[in-house]
Amino acid sequence: MSELSGKVQTVLGLVDPDQLGRTMTHEHLTMTFACCYFPPPQGDEAVAENPFQMQHMHWLRQNPYSCHENLLLQQEVPAVRDELLAYRKAGGGTIVENTTTGIDRDLPTLKQLSKDTGVHVIAGAGYYVDCTHTEATKRMSVEKLTDIIVSEVLHRADGTDIRCGVIGEIGTGWPITESERKVLRATAHAQTQLGCPVIIHPGRNPAAPAEVLRILQEAGGDISKTVMSHLDRTIFDDGELLEFAKLGSYLEYDLFGTEMLDYPYNLEVDMPSDSQRVKTLAFLVKEGYGDKVLVAHDIHTKNRLTKYGGHGYSHILKNIVPKMLMRGISQHQVDKILIDNPKHWLTFK
Ligand SMILES: CCC(=O)NCCS(=O)(=O)O
């Protein structure tokens with residue numbers, strides 16, 4: 001039995017799962033999203049160049065990916081520290097930090113933030129989407145990729161003495177590229193060796209989540225210990241959602257706080273409101289999937305910080321939980337979503 005078995009691995013070391021408390025399973029505290037810059041809508045080119053100030057934040061709410069500065073969350077460490085203190089005060093205990101190779105994972109900063117705030121932080125191993133894979137990464141064999149991922153969890157990552165506690169978010173697009181397929185197979189092989197949690201960023205197509213699970217399963221991955229992220233912008237039909245839920249992964253609604261009329265990466269997508277997200281959670285609970293639901297905000301741009309008028313990392317605890325209760329989700333079930341399900345997912349086998 002490995003020393004990890006029955007424990008959760010944070011950036012400060014191993015902890016007992018009962019210590020985690022309320023957990024957001026998909027956040028970023030420091031990263032860059034420059035890889036996914038999207039040109040502004042025609043006619044708005046000048047607006048996109050406005051100084052990064054409060055009076056321009058209304059534009060960023062609808063166009064977050066069209067301003068270079070907005071994509072540099074790593075410039076906001078002091079503001080994120082304040083937000084984590086507020087998160088702790090609001091009853092939060094743990095944050096899973098999903099920044100992987102390709103979007104500027106910064107483990108020393110995560111460690112310092114955890115020390116400064118008392119919030120448990122769990123870091124992610126592995127690789128983001130194809131466009132961030134280096135040529136060297138693309139040339140690697142599945143075996144080599146597996147060794148790197150295993151080492152990031154078992155030994156250290158990025159030349160630090162810090163270990164990752166989950167694999168992911170592993171980035172995939174649609175269609176899934178060859179390099180992404182290799183990383184998925186390596187993820188499954190590493191998970192088999194480690195008995196660890198895995199979290200996936202699927203492509204923006206309703207068929208993408210199931211296809212990812214198929215690849216993982218074929219490579220020996222443990223679907224019951226795998227989280228499918230971003231379902232709020234990926235599967236919209238209730239029937240399709242139930243078909244996907246049957247496959248057995250965790251079901252994550254992690255874009256709480258985002259309202260965007262034109263989702264630039266796929267204009268077919270109507271991004272739901274928070275009220276619609278809560279309705280979907282209630283539906284999944286009613287259908288018997290209460291043990292599989294997870295929630296988060298996936299903060300990955302500056303404008304979502306409270307410093308810039310955004311909802312911040314405490315939005316779910318402060319605003320969404322009361323709404324869940326109002327819509328008939330019991331306190332017991334809320335606790336499952338915020339405490340028990342993350343704890344079970346994050347504990348090494
Ligand atoms: C790195 C953050 C991330 O991937 N967030 C998901 C954004 S979206 O695909 O849901 O638009």
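Since we're looking at a predicted model, the values are computed, not measured.
- Under the 3.5 Å distance criterion, the side-chain polar atoms of Glu76 are left unmatched by any main-chain donor or acceptor of Lys302.
- Residues Thr234 and Phe244 fail the side-chain proximity criterion, which asks for heavy atoms closer than 4.5 Å.
- Placement of Val8 and Ile337 in two distinct hydrophobic clusters is found when ILVMFWY residues are connected by side-chain heavy-atom separations under 4.5 Å, directly or transitively.
- For the pair Arg105/Glu152, a side-chain contact is recorded, criterion being any heavy-atom separation below 4.5 Å from C-beta on.
- Counting heavy atoms from C-beta on, the side chains of Val80 and Thr30 never come closer than 4.5 Å.
- Here the side chains of His28 and Ile103 are in contact, with some heavy-atom distance below 4.5 Å.
- Judged as a salt bridge (charged side-chain N to carboxylate O under 4.0 Å, His left out), the pairs with a partner in residues 330-344 (not counting sequence neighbours) are, in order, Asp18-Lys343, Asp291-Lys336.
- Side-chain heavy atoms closer than 4.5 Å link hydrophobic residues (I, L, V, M, F, W, Y) into clusters, and following such links, possibly through other members, connects Phe52 to Trp59.
- Counted within 6.0 Å of NZ on Lys138, heavy atoms from surrounding residues, nucleotides or ligands total more than 12; the atom is thus considered enclosed.
- The closest donor-acceptor contact from the side chain of Arg327 to the backbone of Ser275 lies at 3.5 Å or more, if one exists at all.
- For the atom pair NZ (Lys292) and CG (Leu247), the distance works out to 11.0 Å, reported to the nearest 0.5 Å.
- With rounding to the nearest 0.5 Å, the separation of CG in Leu338 from CE in Met24 is 5.5 Å.
- Listed for the Asp232 side chain is a donor-acceptor partner under 3.5 Å among the backbone atoms of Leu255.
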Inset, instruction - Show your working on side-chain contact (heavy atoms from CB on, under 4.5 Å) between Leu346 and Val96 and close with a plain yes or no. - result: CA-CA 9 Å; Leu346 289 165; Val96 183; 4.0 Å; yes

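- The OH atom of Tyr253 lies 5.0 Å from the CG atom of Leu284; values are rounded to the nearest 0.5 Å.
- Side-chain atoms of Ser5 and Ser2 include no donor-acceptor pair closer than 3.5 Å.
- Connection of Tyr250 to Val285 is not established within any shared hydrophobic cluster, with ILVMFWY side chains joined at heavy-atom distances below 4.5 Å, either directly or through further cluster members.
- What you find for Cys67 and Leu60 is that their closest heavy atoms are CB-CD2, 3.5 Å.
- In this structure a side-chain-to-backbone donor-acceptor pair under 3.5 Å is present from Ser66 to Phe38.
- Taking each heavy atom of Leu231 and Pro209 in turn, the nearest pair found is CD2-CG, 4.2 Å.
- The shortest non-hydrogen separation linking Val153 to Ala125 is CG2-CB, 4.0 Å.
- Here the straight-line distance linking atom CD1 of Ile299 with atom CG of Leu73 works out to 8.0 Å at 0.5 Å rounding.
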Inset, instruction - Go through His311 and Glu259 one step at a time and tell me if the side-chain hydrogen bond (donor to acceptor under 3.5 Å, both in side chains) criterion holds. - result: CA-CA 11 Å; His311 53 81; Glu259 265 279 27; over 6 Å; no

Inset, instruction - Take Leu281 and Ile329 through the test side-chain contact (heavy atoms from CB on, under 4.5 Å) and record every step on the way to the result. - result: CA-CA 8 Å; Leu281 299 186; Ile329 303 178; 4.1 Å; yes

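- One N or O on the side chain of Trp345 and one on the backbone of Val198 form a donor-acceptor pair closer than 3.5 Å.
- In the displayed structure, Asp270 atom CG is contacted under 6.0 Å by at most 12 heavy atoms of other residues, nucleotides or ligands.
- For His26 and Glu252, the side-chain atoms include at least one donor-acceptor pair closer than 3.5 Å.
- Counting non-hydrogen atoms of other residues, nucleotides and ligands closer than 6.0 Å to CD of Glu268 gives a total of 12 or fewer.
- Ring planes of Tyr265 and Tyr263: perpendicular class, angle over 60° (limits at 30 and 60°).
- Put simply, the side chain of Leu216 reaches to within 4.5 Å of the side chain of Ile223, judged on heavy atoms.
- Under 4.0 Å is where a charged nitrogen must lie from a carboxylate oxygen, and between Lys182 and Glu178 no such pair does.
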Legend entry - Pair Tyr289-Lys246, side-chain contact (heavy atoms from CB on, under 4.5 Å): steps then yes or no: CA-CA 9 Å; Tyr289 291 100; Lys246 279 189 204 155; 3.6 Å; yes

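- Across all their heavy atoms, Lys7 and Pro17 have their closest contact at CA-CD, 4.3 Å.
- Results of the side-chain hydrogen bond (donor to acceptor under 3.5 Å, both in side chains) test with His56 over Asn50, Asn70, Asn303 single out Asn50 as the only residue that passes.
- Between Phe33 and His300, the ring planes lie perpendicular to each other; the angle is over 60°, past the 30° to 60° tilted range.
- Using a distance-only test at 3.5 Å, with no hydrogens or angles considered, a donor-acceptor pair links the side chain of Ser229 to the main chain of Ile200.
- Checking side-chain atoms of Thr10 against main-chain N and O of Gly13 turns up a donor-acceptor pair under 3.5 Å.
- Heavy atoms only, all atoms of each residue included: Glu83 and Thr306 are closest at OE2-N, 2.5 Å.
- Looking at heavy atoms from C-beta onward, Tyr127 lies in side-chain contact with Leu145 at the 4.5 angstrom threshold.
- A salt bridge links Lys111 with Asp161: the closest approach of a Lys/Arg side-chain nitrogen to an acidic carboxylate oxygen falls below 4.0 angstrom.
- His230 has its side chain within reach of Glu169: a pair of non-hydrogen atoms, C-beta onward, lies under 4.5 Å apart.
- Evaluation of the side chain to side chain contact (heavy atoms under 4.5 Å, CB included) rule for Asp116 yields Arg81, Gln112 as partners, not counting sequence neighbours.
- In this structure, Thr94 and Arg22 have side chains that are not in contact, with every pair of non-hydrogen atoms separated by 4.5 Å or more.
- With hydrophobic clusters built from ILVMFWY side chains whose heavy atoms lie under 4.5 angstrom apart, Ile339 does not share a cluster with Val166.
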Legend entry - Candidate pair Thr25 and Val227, rule side-chain contact (heavy atoms from CB on, under 4.5 Å), full reasoning: CA-CA 9 Å; Thr25 49; Val227 173; 5.5 Å; no

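- Atoms CG and CG, from Asp254 and Asn98 in turn, are 8.0 Å apart once rounded to the nearest 0.5 Å.
- Aromatic ring centres of His201 and Tyr128 lie closer together than 6.0 Å.
- A salt bridge links Lys349 and Asp222; the closest N-O separation between the charged side-chain nitrogens and carboxylate oxygens is under 4.0 Å.
- Using a 4.0 Å cut-off between charged nitrogen and carboxylate oxygen, Glu211 and Arg181 count as a salt-bridge pair.
- Clustering ILVMFWY residues whenever any of their side-chain heavy atoms sit less than 4.5 angstrom apart, transitively, puts Leu20 in a cluster other than the one holding Leu110.
- Ring geometry for Tyr313 against His297 counts as perpendicular: the plane angle is over 60°, on a 0 to 90° scale with 30° as the lower cut.
- Of the possible polar contacts, none joining the Asp158 side chain to the Thr160 backbone as a donor-acceptor pair under 3.5 Å is found.
- Side-chain N or O atoms of Ser330 include one that pairs as donor or acceptor with a backbone N or O of Gln333 at under 3.5 Å.
- Heavy atoms of other residues, nucleotides or ligands lying less than 6.0 angstrom from NE2 of His155 number more than 12.
- From Tyr308, atom OH reaches atom CD of Gln53 across 10.0 Å, with rounding to the nearest 0.5 Å.
- Between Asp274 and Lys323 there is no salt bridge, since no side-chain nitrogen of the basic residue lies less than 4.0 Å from a carboxylate oxygen of the acidic one.
- In this structure a side-chain-to-backbone donor-acceptor pair under 3.5 Å is present from Thr117 to Leu113.
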